[in-house]
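Model, not experiment: these values are computed from the prediction.
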Amino acid sequence: QVQLVESGGGLVQPGGSLRLACAASGSIYRVNYMGWYRQAPGKERELVAVITAADSTNSAASVKGRFTISRDNAKNTVYLEMNSLNPEATAVYYCNAYIRQRIRDSGDDYWGQGTQVTVSS
């Protein structure tokens with residue numbers, strides 16, 4: 001089995017910063033892309049940022065220049081550095097990864113349990 005475990009959420013004041021981390025563990029042959037999504041109350045889940053195994057990144061227009069996604073392939077871990085946070089960033093942040101468990105597998109999508117980020121004074 002594969003697990004994704006997020007950490008680093010919490011309460012931060014507007015203009016502050018947070019760093020989220022998500023570690024994949026279990027029976028893993030290869031981790032393809034990894035990414036972060038978020039879901040605010042009453043809204044649909046949306047993509048925040050994604051990074052491929054080759055470190056190519058893409059992010060939502062609303063976070064460009066403020067959020068940075070990175071990964072440590074040796075640790076199967078993805079990070080999201082969030083700066084200049086505003087109240088609109090308040091949401092549950094979910095880690096997502098496409099993982100092959102065995103060399104002959106095509107791979108599957110996995111999700112973390114989510115971590116709450118609250119931006120408020």
What is the distance from atom [atom1] of [X] to atom [atom2] of [Y], rounded to the nearest 0.5 Å?
X      : Y     : atom1 : atom2 : value
Gln39  : Glu44 : CD    : CD    : 8.0 Å
Asn83  : Arg19 : CG    : CZ    : 11.0 Å
Tyr79  : Trp36 : OH    : CH2   : 10.5 Å
Gln116 : Glu6  : CD    : CD    : 12.0 Å
Cys95  : Leu80 : SG    : CG    : 10.0 Å
Asp109 : Ile99 : CG    : CD1   : 9.0 Å

Review point. Are side-chain heavy atoms of Val48 and Tyr93 found at a separation under 4.5 Å?
Key: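 When only atoms from C-beta onward are counted, Tyr93 and Val48 do touch, with a gap below 4.5 Å.
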Check your understanding: Hey, are the side chains of Arg71 and Thr77 touching, using non-hydrogen atoms and a 4.5 Å cut-off?
Key ->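 A side-chain contact is absent here, since even the closest heavy-atom pair is not under 4.5 Å.
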Review point. Could you walk me through whether Val78 and Ile69 pass the side chain to side chain contact (heavy atoms under 4.5 Å, CB included) check?
Key: CA-CA 7 Å; Val78 62; Ile69 189 170; 3.8 Å; yes
For the student: nearest non-hydrogen atoms of [X] and [Y], plus distance:
X      : Y      : answer
Arg66  : Leu85  : NH1-CA, 4.1 Å
Asp105 : Arg100 : O-NE, 3.1 Å
Val119 : Ala89  : CG2-CB, 4.2 Å
Cys22  : Met34  : O-CE, 4.3 Å
Ser106 : Tyr98  : O-OH, 3.1 Å
Val5   : Gln113 : CA-OE1, 4.0 Å

Check your understanding: Where do Thr57 and Val50 land on the side chain to side chain contact (heavy atoms under 4.5 Å, CB included) test, with the steps shown first?
Key -> CA-CA 6 Å; Thr57 64; Val50 64; over 6 Å; no
Exercise for review: May I ask you to decide if the ring planes of Tyr94 and Trp111 are parallel, tilted or perpendicular, using 30° and 60° as cut-offs?
Suggested key: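 Correct class here is perpendicular.
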Check your understanding: Crowded around Gln3 CD? As in, over 12 foreign heavy atoms under 6.0 Å?
Key ->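 Check fails, neighbour count at 12 or below.
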Review point. Does atom NZ of Lys64 have more than 12 heavy-atom neighbours from other groups under 6.0 Å away?
Key: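 Yes, because the 6.0 Å sphere around NZ of Lys64 holds more than 12 heavy atoms from other groups.
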Review point. Hey, are Arg30 and Asn32 close enough side-chain-wise for a donor-acceptor pair under 3.5 Å?
Key: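 Per modelled atom types, Asn32 and Arg30 side chains form no pair under 3.5 Å.
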Practice item. Run through the side-chain heavy atoms of Ile, Leu, Val, Met, Phe, Trp and Tyr, join any pair under 4.5 Å, and report what else lands in Tyr29's cluster. Key: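 Ile103, listed by chain and number.
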